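Read through the structure below, which is laid out as structure tokens, and then see the notes.
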Amino acid sequence: MDIAELFRGLNSTQGINFSFFYDQFDKELLLQGIRYTAWLSVASIVGSLVVGAIGAYLQFSGGKFARSAVDLYVQAFRNTPPLVQLYFFYFALGPALTGLLGGTSPVLSNVTWAIVSLTFYAGAFNVEIFRAGMEAVPNSTLEAADALGMNKGQTFRKVVLPLSLRISFAGLNNNLVNLIKTSTNAFAIAVPELLYASSQIWSESLNALEMMVFLLVFYIAVIGVFTWLMHRIEHAVAVPGWGKA
């Protein structure tokens, strides 16, 4: 007996309905949701790391105006709910840009706006994480870089950022895990990620319990694997002797 027949029989005899195992439409819908969830997570993780690094650089070597602008950005995105931010980008900024450019169709798709929103949300926390790591870099290290003739940009790229990243890896891990979980907010603007796909399946197949069990197991597994990989990387790049008495 194959998997499809097994779960079809389980549904007919026990009423346990994991329809995506035997229904081709539900299966394709679920796989599409997984692909969108993966794309949202990867794109926003990369984007938030870039935003965090740029923000940290401006705080490190920028002028007073640049530092104030970064502080304002961090406070705005840290102190407002991510779902409100997503709505602002999609329902307020999106139509405003469309009208400003004189077009009739949206400038960016709902998927792109979700990535932008998640990127700026997590990027604000990454700025603070990198900043904390930068402050932990010993002054003697900065003085050594200065003695070697490095300017501020070179010191940041070659000394401060690599060290701060290694020092702040634990905090970064927590933020990126939270970012993956927050990607489910894209459901609110009809991005066909996993939660959205699952809701479509259970509305048709009336198997909300089974789909919620699947969602919980899926995210536990994904977050578990991601955390394990991040811990492996953290140990691999740890600064020798750092944090030891």
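Basis for what follows: all heavy atoms, side chains included, without hydrogens, waters or symmetry-related copies. Treat the numbers as computed from the prediction; the structure is a model and nothing was measured.
Proximity of a side-chain donor or acceptor of S109 to a complementary backbone N or O of T112 within less than 3.5 Å is detected. Although no hydrogens or angles enter the test, the distance criterion places a donor-acceptor pair under 3.5 Å between the side chain of N207 and the main chain of N17. At distances below 3.5 Å, at least one donor-acceptor pair connects side-chain atoms of E193 with backbone N or O atoms of L195.
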Distance-only donor-acceptor hits, side chain of residues 67-78, under 3.5 Å, sequence neighbours excluded:
from : atom 1 : to   : atom 2 : distance (Å)
R67  : NH1    : G62  : O      : 2.6
S68  : OG     : K64  : O      : 2.9
D71  : OD1    : Q59  : NE2    : 3.0
Y73  : OH     : F120 : O      : 2.7
Y73  : OH     : A124 : N      : 3.0
Q75  : OE1    : N79  : ND2    : 3.0

Determine all donor-acceptor pairs shorter than 3.5 Å in which one atom belongs to a side chain in residues 213-231; sequence neighbours excluded.
from : atom 1 : to   : atom 2 : distance (Å)
T227 : OG1    : I223 : O      : 2.7
H231 : NE2    : N173 : ND2    : 3.4

Give every donor-acceptor pair under 3.5 Å between a side-chain atom in residues 90-100 and any protein atom, sequence neighbours left out.
from : atom 1 : to  : atom 2 : distance (Å)
T98  : OG1    : G94 : O      : 3.1

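Sorted by first and then second residue, the ring pair (Phe, Tyr, Trp, His ring centres under 6.0 Å) pairs involving residues 159-202 (not counting sequence neighbours) are F187-Y196. For residues 24-47, the side-chain hydrogen bond (donor to acceptor under 3.5 Å, both in side chains) pairs, not counting sequence neighbours, are S19-D26, Q24-E28, D26-S205.
The minimum heavy-atom distance linking G55 with V127 is given by the pair CA-CG2, 3.9 Å. The shortest heavy-atom contact between Y22 and A4 is CB-O, 3.4 Å. In terms of heavy atoms, N178 sits closest to T182 at O-OG1, 2.6 Å.
Looking at residues two or more places apart in sequence or on another chain, you find a side-chain contact (heavy atoms from CB on, under 4.5 Å) between L161 and A53, F156, S164.
Using bins of under 30°, 30° to 60° and over 60° for the plane-to-plane angle, the ring pair F7/F18 lands in the perpendicular bin.
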**Report entry** Step-by-step side-chain contact (heavy atoms from CB on, under 4.5 Å) determination, L118 to S48
**Finding:** CA-CA 8 Å; L118 291 168; S48 69; over 6 Å; no
Requested in this report: Apply the test side-chain contact (heavy atoms from CB on, under 4.5 Å) to residues F20 and M211: give CA-CA distance (whole Å), side-chain angles for both, the deciding distance (0.1 Å), then the verdict.
Outcome: CA-CA 9 Å; F20 53 87; M211 293 310 303; 3.7 Å; yes
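Atom CZ of F25 is separated from atom CG of L29 by 5.0 Å, given to the nearest 0.5 angstrom.
Residue-environment remark: CD (Q154) exceeds the threshold of 12 foreign heavy atoms within 6.0 Å.
For the pair N126/L49, a side-chain contact is recorded, criterion being any heavy-atom separation below 4.5 Å from C-beta on. Side chains of I189 and Y87 form a contact here, defined as non-hydrogen atoms less than 4.5 Å apart. With a 4.5 Å cut-off on side-chain heavy atoms, L176 and I180 do not count as touching.
Cluster membership for M212 and L30, using ILVMFWY side-chain heavy atoms within less than 4.5 angstrom, is shared.
There is no side-chain donor-acceptor pair under 3.5 Å between N175 and Y121. With 3.5 Å as the limit, one finds no donor-acceptor pair spanning the side chains of Q85 and S117.
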